[in-house]
Amino acid sequence: MSNNREATTQQSFPMKGGDGPHSYVNNSHLQREATDACRTMIEEAIAQKLDVKCFSSNPFRLADLGCSVGPNTFISMQHIVEAVERKYLEQGLKSQIPEFQVFFNDHVANDFNTLFASLPTERRYFACGVPGSFHGRLFPESSIHFMFSSHAIHWLSKVPEELLDKNSPAWNRGRIHYTNAPDEVSHAYAAQFDHDMEIFLSARAKELVVGGIIVLTTAALPDGIPASRIPSGVMFDLLGASLMDMTKAGLINEAQVDSFNLPVYAPSQEQMTDLVKRNGCFTIERMELVYRASKLVAPITGKECGMHLRAGMEGMIAKHFGSGIIDELFDTFSKKSVEFSHQLESSTREGAQLFAALRRK
């Protein structure tokens, strides 16, 4: 039974489904590299902070919140299952290793058909789908032992309402994000993120067993670095500029751009720490920034950026502007990415992701 009282006001932003050339399945290696950069930290959190002796129930239940359509979620869940098995073995509990049940969660509009059609045949867990927003309850009380969410909590439940009010100082005219916007716009985004995370953490506190762990990774804003200089900020600025070019060409009108904003926010470590402490139900076992530049397999190209953005945002852009502009928009974006490649390369050096391991008190 869902306990999400705000379901009617939330918006859904699923990734591009299917397995075509623009799908998330084929354009999510940047997220996979980001998660891989934290793999050792996840294993350490399980080895050092997960007390499996206090868990009496079988099976051991895991949940991936914001799983999308794979394959990244399958890789992460397998690694976590293996780390938990090692923890049982290290504590001399080989005979007590439980069966595992993994809950794959994402919005109702997520392409669960593609997800489950590609489930690994040799998996060591039973798989379940849980459609619904993680900005609210998803599971029964005290039913989950380990939760994971990788590059999902940066999605807001909705665009801050002030951004669409022409009479508000936060009206975001001519922009699609808070990068290079007035402070009022940034404050509106931050307030929406605070609101969403308060609901998120309260729901997870009810669902996790005492001693259970939730691991979160998300794009983050390092201290002293403006949002316009991290990778997402540069990409969103280029996407906004591409849309404005299309208004000048008469392909869309400016009012459409004024009413379009990306519901994405990169928090600081300080902001996340304050939110967890305010909630009061979790112990912060580890929270730190992970700088991705040294972990990337290769530099990010403009084409990769375009494919990455399209896989994540084609649906919401098409819904607002119509599907007819998509090819033109991302062609324009790719050209701008080449033109401003130095900014993209520089942002990769300064960009970071936040890793947080929280244990239920």
Hey, is the main chain of [Y] close enough, under 3.5 Å, to the side chain of [X] for a donor-acceptor pair?
{"X": "E207", "Y": "S143", "answer": "no"}
{"X": "N172", "Y": "L163", "answer": "no"}
{"X": "Q256", "Y": "N253", "answer": "yes"}
{"X": "R360", "Y": "A205", "answer": "yes"}
{"X": "S228", "Y": "G233", "answer": "no"}
{"X": "N105", "Y": "V130", "answer": "yes"}
{"X": "S341", "Y": "S337", "answer": "no"}
{"X": "S133", "Y": "H135", "answer": "yes"}
{"X": "Q353", "Y": "A34", "answer": "yes"}
{"X": "S268", "Y": "Q271", "answer": "yes"}

What I'd like to find out is whether the side chain of [X] reaches to under 4.5 Å of the side chain of [Y], using heavy atoms alone.
{"X": "F55", "Y": "R61", "value": "no"}
{"X": "K49", "Y": "I213", "value": "yes"}
{"X": "N279", "Y": "S202", "value": "yes"}
{"X": "D331", "Y": "S334", "value": "no"}
{"X": "H79", "Y": "I42", "value": "no"}
{"X": "Y291", "Y": "P222", "value": "yes"}
{"X": "R32", "Y": "P71", "value": "yes"}
{"X": "F126", "Y": "F100", "value": "no"}

**Request:** Run the numbers on F148 and I214 for side chain to side chain contact (heavy atoms under 4.5 Å, CB included), then give the verdict.
**Result:** CA-CA 6 Å; F148 178 70; I214 179 168; over 6 Å; no

Is there a donor in the side chain of [X] and an acceptor in the side chain of [Y], or the other way round, less than 3.5 Å apart?
{"X": "Q96", "Y": "N58", "answer": "no"}
{"X": "S168", "Y": "D165", "answer": "no"}
{"X": "T35", "Y": "S76", "answer": "no"}
{"X": "H195", "Y": "S157", "answer": "no"}

Open item on the list: Just to verify, what does F74 make a ring pair (Phe, Tyr, Trp, His ring centres under 6.0 Å) with, not counting sequence neighbours?
Closed with: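 Here the qualifying residues are F104.
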
Check your understanding: Partners of F330 by ring pair (Phe, Tyr, Trp, His ring centres under 6.0 Å), sequence neighbours excluded?
Key ->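 Counting only residues at least two positions away or on another chain, F330 forms no ring pair (Phe, Tyr, Trp, His ring centres under 6.0 Å).
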
Taking every non-hydrogen atom, the tightest pair across [X] and [Y]:
{"X": "S142", "Y": "V209", "result": "O-CG1, 3.4 Å"}
{"X": "L119", "Y": "A127", "result": "CD1-CB, 3.9 Å"}
{"X": "A266", "Y": "I230", "result": "CB-CD1, 4.1 Å"}
{"X": "G136", "Y": "I199", "result": "N-CG2, 3.8 Å"}
{"X": "F236", "Y": "L309", "result": "CE2-CD2, 3.7 Å"}
{"X": "E184", "Y": "A170", "result": "O-CB, 3.7 Å"}

Show your reasoning for whether side chain to side chain contact (heavy atoms under 4.5 Å, CB included) applies to F193 and L275. CA-CA 10 Å; F193 181 81; L275 284 164; 3.8 Å; yes

Would you check, one step at a time, whether the test side-chain hydrogen bond (donor to acceptor under 3.5 Å, both in side chains) holds for D106 with S68?
CA-CA 6 Å; D106 213 307; S68 192; 4.8 Å; no

For H145, side-chain hydrogen bond (donor to acceptor under 3.5 Å, both in side chains) partners two or more places apart: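 With neighbours one apart ignored, the set is S57.
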
State whether [X] and [Y] are salt-bridged, where the test is any N-O pair (Lys NZ or Arg NE/NH1/NH2 against Asp/Glu carboxylate O) under 4.0 Å.
{"X": "R286", "Y": "E288", "value": "yes"}
{"X": "R124", "Y": "E82", "value": "yes"}
{"X": "R39", "Y": "E43", "value": "yes"}
{"X": "E314", "Y": "K16", "value": "yes"}
{"X": "K336", "Y": "D245", "value": "yes"}

Next item on the list: Would you kindly check if the NZ (Lys) or CZ (Arg) of R204 is within the cone defined by 45 degrees around the ring axis of F200 and under 6.0 Å from the six-membered ring centre?
Entry: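 Verdict for F200: a cation-pi partner in R204.
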
Could you walk me through whether R175 and N261 satisfy the side chain to side chain contact (heavy atoms under 4.5 Å, CB included) test, starting with their C-alpha distance in whole Å, then the side-chain angles of each, then the deciding distance to 0.1 Å, before giving a yes or no? CA-CA 7 Å; R175 289 175 294 269; N261 292 276; 5.8 Å; no

Note to self: Does R173 have more than 12 heavy atoms from other residues, nucleotides or ligands lying within 6.0 Å of its CZ?
What the structure shows: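 Counting neighbours around CZ of R173, 12 or fewer heavy atoms of other residues, nucleotides or ligands fall under 6.0 Å, so no.
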
- Does NZ belonging to K361 count more than 12 external heavy atoms closer than 6.0 Å? yes

For a side chain to side chain contact (heavy atoms under 4.5 Å, CB included) check, start with the C-alpha distance between L239 and M235, then their side-chain angles and the critical distance, and finish with the verdict.
CA-CA 6 Å; L239 185 62; M235 287 190 283; over 6 Å; no

Less than 6.0 angstrom separating the ring centers of H177 and Y189, yes or no? yes

*asked:* Measuring centre to centre across the rings, with the benzene-like ring taken for any Trp, is Y178 within less than 6.0 Å of Y265?
replied: yes

message = Side-chain heavy atoms nearer than 4.5 Å, only ILVMFWY residues, links allowed to pass through others: does that put L164 and V257 together?
response =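 No; V257 is not reachable from L164 via cluster members.
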
query: Yes or no on salt bridge (Lys or Arg N to Asp or Glu O under 4.0 Å) for R229 and D237, after CA distance, side-chain angles and deciding distance?
result: CA-CA 10 Å; R229 280 169 47 191; D237 272 352; over 6 Å; no

*asked:* Parallel, tilted or perpendicular: which one describes the rings of F112 and F116, with boundaries at 30° and 60°?
replied: parallel

| query | Would K206 and E141 satisfy salt bridge (Lys or Arg N to Asp or Glu O under 4.0 Å), going step by step from the backbone distance to the final call? | reply | CA-CA 5 Å; K206 289 184 173 67; E141 190 169 338; over 6 Å; no

